[in-house]
Amino acid sequence: MSIQYRQDMPPPGGFEAVKYKRNLPFRGPSGLVILGAVTAVCAYGFYRVGKGNLERREKVWSRIHLVPLLVAEGDRDAYRRQEAALEREREIMKDVKGWEPGKSVYNNARYRSAQSIVVL
């Protein structure tokens with residue numbers, strides 16, 4: 001018994017060509033362009049930080065130079081308030097015999113100024 005054998009063959013003209021090449025489209029700037037852009041942005045950032053440091057240093061020094069003026073102004077204000085308080089005390093206690101305005105109620109002669117905070 002003999003079966004006729006028929007082999008599969010390619011179609012006439014052959015099969016389509018196998019695509020094995022990489023077909024990658026252009027996907028943005030090159031690495032050197034990106035590196036250059038990052039370097040430029042970092043340089044600009046450092047430039048701005050340097051300018052900010054100079055400006056901050058100038059502001060700090062201006063505050064340092066203003067501290068004596070502000071302390072003197074605070075002292076004048078404290079003196080004015082203390083004199084006004086003594087005057088009010090004189091007015092309120094004028095009818096009390098033996099009352100000395102401004103004398104410490106703690107029987108202590110030591111002068112102690114009001115607490116003050118200097119903010120820099």
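Being a predicted model, the structure only gives us computed values, none of them experimental.
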Check your understanding: So, for Glu100 and Glu89, which heavy atoms are closest and what is the spacing to 0.1 Å?
Key -> O-OE2, 4.1 Å

Review point. Which atom pair, heavy atoms only, marks the closest approach of Trp99 to Pro101?
Key: O-CD, 3.6 Å

Check your understanding: In terms of heavy-atom contacts, does CZ of Arg90 have more than 12 from other residues, nucleotides or ligands at under 6.0 Å?
Key ->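 Result for CZ/Arg90: enclosed.
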
What distance do [X] atom [atom1] and [Y] atom [atom2] have between them, rounded to the nearest 0.5 Å?
X	Y	atom1	atom2	answer
Glu83	Arg88	CD	CZ	11.5 Å
Ile64	Arg57	CD1	CZ	11.5 Å
Leu32	Thr39	CG	OG1	10.0 Å
Glu73	Leu66	CD	CG	10.5 Å

Check your understanding: Do Met93 and Val96 have side chains that get closer than 4.5 Å, going by heavy atoms?
Key -> yes

Check your understanding: Is there side-chain contact between Glu55 and Glu58, with heavy atoms separated by less than 4.5 Å?
Key -> no

